[in-house]
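Structure first, commentary second.
Computed from heavy atoms alone, side chains included, the values below leave out hydrogens, waters and symmetry copies.
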Amino acid sequence: MIVQLLCTILEVAERNGGRGGREDEGYWRRSVRQLIRNLVGLLLIANGRVTVPDLYRLVVSAPTHPDQLKSEEWKQQSFCFQCLAAADKKSKSPRDQRDLELIADYFMLEFPTLSEKTRSVIVSSFTSMVDVLNRNLLYDLFSTTTTVRPEDTFDGKIIIVDLPVKEFAEVGQFAGVLWKFVWQRAVERRNLEEHPRPVFLFVDEFQHFLTSHDSLFQTTAVVSCGHGLPDPEYLEPAGRVRRR
């Protein structure tokens, strides 16, 4: 989910920047997603948690040339190498061991041998996106502690993201997209027998917050009857994007 969340933010950032229409656009999108997948996977195995500051530290300390892997000085200074070493020492499940082998191959074999131009485009595509998440209001909201969870709406609470795009620009857009995505995923995972309360998603100026995940969410947003609940009329759409 973390990988998909970051890719969703990247999708919005690229749309804002007017990128698109290039013949090789698919390659760059897959390459950035590959980078994100390896960054997130390494942090989860090494530290058991993922933070935006650590994602940034990881990518800027990754090797850019095979010779660096032989340098003791680089190893001591590189957060990427330290995470690889920590992950290697951890007790791992067979699945994590297999994933770590792929991650190590990526950072120690594939990434440093990419052409400088290709690697710089991939890295800058990622760092330019997380730079916004790593600063000021978005950092405070999403990289520190909180008492609010998407699942709170299952208990009847209403979560309001009061960061209008006209006032907060990209920061407000990213915050809205982040909350919308994690709320949608929470709704999709919920147990209807334990949480049968109808929920809703209201998005003002929805055009600023649309992502490719919305169409998939909408296809499964209406809950069908037959879950053993006492009153079929209690079953309502699990989520809805409403227009003004």
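Closest heavy-atom contact between Leu138 and Ala175: CD2-CB, 3.8 Å. Of all non-hydrogen atoms in Ser125 and Leu10, the two that sit nearest each other are O-CD1, 3.4 Å. Nearest approach of Leu6 to Leu133, heavy atoms of both residues: CD2-CD1, 4.4 Å. Shown here for Met129 and Phe174, the closest heavy-atom pair between the two residues is O-CE2, 4.3 Å. Residue Gln184 comes nearest to Phe217 through the heavy atom pair NE2-CD2, 3.5 Å, listed as atom of the first residue, atom of the second, then distance. In terms of heavy atoms, Phe168 sits closest to Asp162 at CE1-O, 4.2 Å.
Summarising the geometry, atom OG1 belonging to Thr118 is positioned 11.0 Å from atom CZ belonging to Phe111; distances are rounded to the nearest 0.5 Å. Interatomic distance, Leu84 CG to Ile45 CD1, rounded to the nearest 0.5 Å: 9.5 Å. The CZ atom of Arg37 sits 7.5 Å away from atom SG of Cys7, with the distance rounded to the nearest 0.5 Å. In this structure, SG on Cys83 lies 5.0 Å from CG on Asn47, to the nearest 0.5 angstrom. To the nearest 0.5 Å, atoms CG (Leu102) and CG (Leu109) are separated by 11.0 Å. Distance check, rounded to the nearest 0.5 Å: CG of Asp54 to CG of Leu58 gives 8.0 Å.
Side chain of Ser124 to backbone of Val121: a donor-acceptor contact under 3.5 angstrom is found. A donor-acceptor pair under 3.5 Å links the side-chain atoms of Gln82 to the main chain of Gln76, judged by distance alone. A side-chain donor-acceptor contact under 3.5 Å links Arg190 to the backbone of His195. Of the possible donor and acceptor atoms, none in the side chain of Gln68 sits under 3.5 Å from a partner among the backbone N and O of Pro63. Under the 3.5 Å distance criterion, the side-chain polar atoms of Lys166 are left unmatched by any main-chain donor or acceptor of Pro164. Under a 3.5 Å cut-off, the side chain of Lys92 and the backbone N or O of Gln97 do not form any donor-acceptor pair. In this structure, Ser78 contributes its side chain and Lys75 its backbone to no donor-acceptor pair below 3.5 Å. For the pair Lys157 (side chain) and Val148 (backbone), a donor-acceptor distance under 3.5 Å is absent.
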Candidate pair Arg98 and Glu101, rule salt bridge (charged side-chain N to carboxylate O under 4.0 Å, His left out), full reasoning: CA-CA 5 Å; Arg98 186 168 57 250; Glu101 291 173 1; over 6 Å; no
Chi angles and distances behind the side-chain contact (heavy atoms from CB on, under 4.5 Å) call for Arg185, Gln4: CA-CA 11 Å; Arg185 292 300 299 268; Gln4 189 174 357; 2.8 Å; yes
Working for side-chain contact (heavy atoms from CB on, under 4.5 Å), residues Leu35 and Tyr106: CA-CA 9 Å; Leu35 172 64; Tyr106 176 77; 3.6 Å; yes
Residues Leu100, Leu42; criterion side-chain contact (heavy atoms from CB on, under 4.5 Å); working and verdict: CA-CA 7 Å; Leu100 180 58; Leu42 179 54; 4.3 Å; yes
From CA spacing to verdict: side-chain contact (heavy atoms from CB on, under 4.5 Å), Glu151, Arg189: CA-CA 10 Å; Glu151 292 82 2; Arg189 293 195 307 265; 3.8 Å; yes
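Side-chain atoms of Asp214 and Lys180, non-hydrogen and from C-beta on, do get closer than 4.5 Å to each other. Looking at heavy atoms from C-beta onward, Lys70 lies in side-chain contact with Asp67 at the 4.5 angstrom threshold. Gln34 has its side chain within reach of Glu110: a pair of non-hydrogen atoms, C-beta onward, lies under 4.5 Å apart. Side chains of Pro112 and Thr64 form no contact here, defined as non-hydrogen atoms less than 4.5 Å apart. By the 4.5 Å heavy-atom criterion applied to side chains, Leu39 and Phe107 are counted as neighbours. Within the 4.5 Å cutoff, the side chain of Val123 has no heavy atoms near those of the Val32 side chain. In this structure the side chain of Phe142 never reaches within 4.5 angstrom of the side chain of Val52, judged on heavy atoms. Side chains of Phe126 and Leu55 form a contact here, defined as non-hydrogen atoms less than 4.5 Å apart.
Within 6.0 Å of OH in Tyr56 there are 12 or fewer heavy atoms belonging to other residues, nucleotides or ligands. Other residues, nucleotides and ligands contribute only 12 or fewer heavy atoms inside 6.0 Å of the CD atom of Glu116. Other residues, nucleotides and ligands contribute over 12 non-hydrogen atoms within 6.0 Å of the CG atom of Asn191.
Under 3.5 Å, the side chains of Trp183 and Thr153 contain a donor-acceptor pair of N or O atoms.
Linking Ile, Leu, Val, Met, Phe, Trp and Tyr residues whenever their side-chain heavy atoms come within less than 4.5 Å leaves Leu178 and Tyr139 in two separate clusters. No chain of hydrophobic side-chain contacts below 4.5 Å, direct or via other Ile, Leu, Val, Met, Phe, Trp or Tyr residues, connects Leu216 to Phe206.
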